[in-house]
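Let me begin by presenting the structure, written as structure tokens, before commenting on it.
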Amino acid sequence: MSELLKGLNPAQRRAVEAIAGPVLVLAGPGSGKTRVLTHRIAYLIKTVGVDPYNILAVTFTNKAAREMKERLEALIGPADAHALTVGTFHSLCARFLRRDIVHLGRERDFAIYDSDDQDRLMRRVLKDLNLDEKQYPPRAIHGRISSAKNELVGPEEYARLNRTYYDEIVARCYERYQRLLRESNALDFDDLLVETVRLFDEHPEVLEKYHQRYAYLLVDEYQDTNRCQYVLVKQLAAGRRNLFAVGDDDQSVYGWRGADIRNILQFEQDYPDAKVLLLEQNYRSTQAILDIAQAVINGAGKRKHVKKLWTENGEGLQVSLHEGYDQNEEANFVADEIARLAAAGGLRRRDFAVMYRINAQSRALEEALEARGIPLQIVGGTRFYDRKEVKDVLAYLRLAANPFDSVSLLRVINWPGRGIGERTEAELIRWANELGVPIFQALRELADEESAARAPFNARTRGALLAFLAIAEELIAARRELPLADLIGRIVDRLDVREALVREHGPDEGEDRWSNVLELGNKALDFVNLPVEEQLGAYLEQVALIADVDNMDPQADAVTCITLHQAKGLEYPVVFLIGLEEGLLPHSRSSDDREKVEEERRLLYVGVTRARQRLYLCYAFRRTSYGRTNVTTPSRFLADIPRELLKQPKKRGTAVIAPDSPLFGGRGGSSPKSGGRASGASSWGSSSGASWGSSGRGAAGGRERGRPAGPTEVTFFAGQRVRHGTFGEGVVMGSRLVDGDEEVTVSFADRERRLLASFAKLERVEE
DNA sequence: TCCGCCTAGGTTTTT
DNA sequence: CCTAGGCGGA
């Protein structure tokens, strides 16, 4: 038997050995699908004798691509590993287009616009069309356009298909937006895919070239493909039909960005001769963790592919459920547990991950971990390349690569300040529109005395504009001669970036930002081995397409803090899932739509199945967001977990969940019985979880639901002694009305707490 | 045009 | 809470 098949179970082996024709592998979490992918590639090369040059593998992140290459290097040697093509849809499309975009009558040095660039361009579109940003939020409009692109609907078709007034506005913006992109010789993220599909569509000879080359096509995370990616796969696979798609419909969490779960559900219709293989054995987690995962996912409606997860890993430790008082206590609990487990030995910092729904949740964690001296790495939030000073310097580089890139041009035309204000900028745009040329071209016209005479600028303004043009021209010229690192050096010297940053932000922050700019220079050193003329393009492409998760340092011995979305594909011995509350998971923006709620459920499923040995499910009794504090309702998904699967919290200061608590009852609208709850019962005490946040009030603590406005005056006064079911006796420090509720500050034995009178069931203690 | 103060409004998730 | 944008003054 081949060396490469050793250590694989029969199902995995079948997948690896499937040679020809379409194959769909439905792989449960932790079932070794990455292993199957890499071993299949290795098998194709080493056993079947396929030339690695003829293999194309598409992964979901650059990180996954890199890791796959590394594994293959070990498996089949660096030469073969290097010869095959691995990348994300976006990076591959960028590469294809660089090679062949001239077929579409375009220039090769196109810029790639990220979300910030897209937003800026959309604002300009709205200005051009005299539309009010308040009424038509640029991001909302762009969202519509992006969805249309994902569906391969162009501006004309969009205009034809849609009938409402709003649609009509969007259609006009779409048309203009595309026109400006083209004028700027730029593609946005969506265009990378759309234009590749178009290229293949309009130029069969180009597609044919890829059919010849890529005899074997492998696609990971197939459930996350959108319509456009689906078509692209179809185009590429149409040649030899050796498509090997791997995915898990239960882990589909990218519907919001166009991923269409139907792509995986309809695989068999699309490819009638497809083999469908199931990977159900889990090698990652303990049975206790899988039971939780199963409970969560079984709470979903009917599913097309029901996988029965099982493992030989043994029962393992019971999963813990923990209620914190607020997000700080929640974070403290997490940090204390990490410290405790790390001290107990056997676990390193990097064995821990804390996962959450939204990036903003990382803040409290950061504080708690730092307070204990526990190193952490936060994945996500603001990317390094999204920092203003970094983007500003980058804009000059982008301008050097492609002077028609109007977003970059306008970004830095007055940075550092050179006396070109809003007024001048608007005039410049207007004038360029009038001439019908890109903005950079208009600037060049200005250098010519005769044209300048007709331009709407006075001598001083013209001087400022020409000063900017001179810098741009200098960089464009330097680009061909200087290595990338020197080009960056030229920019920061010529513009005195450090001085500008200190002037703008003061010495402390200024130096901070300056160090980010220096870091930018460091990253450029990765490209020194390329020929000078290729360095800039390669660098800019990487900057545009790299994700934050791609930068994670797996070597660092630090606790990982990461969103559930980014955590997909990762695994850790110990996982904390925090903020399991209505409004957060499911997120409030998703709670009203059945489909979206199901996606949120799958997100929790993804989180649960990241854990290998220990799993903690956490939520807080109160949470502060936007500076407002609200009482929370535990996530409805917790109600799908049988209570006996969970270790109950015992610590003082945490809730003891009553046997008849709706948390462990059935799902759906049955409201809790008002009697029968054990004293000291759950301090959140709320209802079925159909609503959350402030609307969760009123059903609290056996009080009447639908209570009208709330108290109009305080009923507690400083100095009174009170008793609370959980916290014991305390003294009222003060009380005030907040949002139609009474917030009482009470000093308990351990510390001061603020409680809402409607929830907290405070009894007055007579003396 | 630039600077600084102020407030109103906003955050899902990412290539 | 934080930040971007609006507005007044120089």
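Naming: A, B, ... by sequence-line order, numbering from 1 per chain.
In this structure, A/Leu603 atom CG and B/dT14 atom P are separated by 10 Å, rounded to whole Å. Between A/Asn359 atom CG and B/dT13 atom C1' the separation is 8 Å, expressed in whole Å. In this structure, CD of A/Glu599 is placed 14 Å from P of B/dT13, rounded to the nearest angstrom. Protein atom CG of A/Asp386 is 16 Å distant from nucleotide atom P of B/dT11, rounded to whole Å. What separates CH2 of A/Trp256 from P of B/dT11 is a distance of 14 Å, to the nearest Å. Atom P of nucleotide B/dT13 and atom CD of A/Glu221 are separated by 20 Å, given to the nearest angstrom. Taking atom CG on A/Asp114 and atom C1' on B/dT14, their separation rounds to 12 Å, with Å as the unit. Rounded to a whole Å, the NE2 atom of A/His565 is 13 Å from the C1' atom of B/dT15.
With sequence neighbours left out, the salt bridge (charged side-chain N to carboxylate O under 4.0 Å, His left out) criterion links A/Glu499 to A/Arg503. Residues satisfying the side chain to side chain contact (heavy atoms under 4.5 Å, CB included) test with A/Ala464, not counting sequence neighbours, are A/Ile420. In this structure, A/Arg610 has no salt bridge (charged side-chain N to carboxylate O under 4.0 Å, His left out) partners at least two apart in sequence or on a different chain.
Where A/Asp190 and A/His587 each meet DNA chain B at their nearest nucleotide, the meeting point lying more 5' is that of A/His587.
Applying the salt bridge (charged side-chain N to carboxylate O under 4.0 Å, His left out) test to residues at least two apart or on different chains, the pairs with a partner in residues 412-427 of chain A are A/Glu427-A/Arg430.
Taking the charged nitrogens against the carboxylate oxygens, A/Asp116 and A/Arg411 do have a contact shorter than 4.0 Å, which makes a salt bridge. Between A/Arg602 and A/Asp248, none of the side-chain N atoms (NZ, or NE/NH1/NH2) sits under 4.0 Å from a carboxylate O, so this pair counts as no salt bridge.
Between A/Gln566 and B/dT14, a side-chain N or O to OP1/OP2 separation shorter than 4.0 Å is present.
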*Summarise protein proximity over nucleotides 1-10 of chain C in one line of letters, 5' to 3': B for base, S for sugar-phosphate only, - for none, counting protein heavy atoms closer than 4.0 Å.*
BS--S-----
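Checking A/Asp526 against A/Tyr539 by side-chain atom types alone, no donor-acceptor pair falls below 3.5 Å.
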Using nucleotides 1-4 of chain B, report all nitrogen or oxygen pairs with the protein that are shorter than 3.5 Å.
residue	atom	partner	partner atom	Å
B/dT1	OP1	A/Arg423	N	3.3
B/dT1	OP2	A/Gly421	N	3.1
B/dT1	OP2	A/Thr424	OG1	2.6
B/dC2	OP1	A/Gly419	N	3.1

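Between A/Phe200 and A/Phe96, the angle of the ring planes lies from 30° to 60°, which puts this pair in the tilted group. Between A/Trp256 and A/His565, the two ring planes are perpendicular [angle over 60°; tilted spans 30° to 60°].
The same atom, P, is picked in B/dT13 and in C/dA4; the two are 16 Å apart, to the nearest Å.
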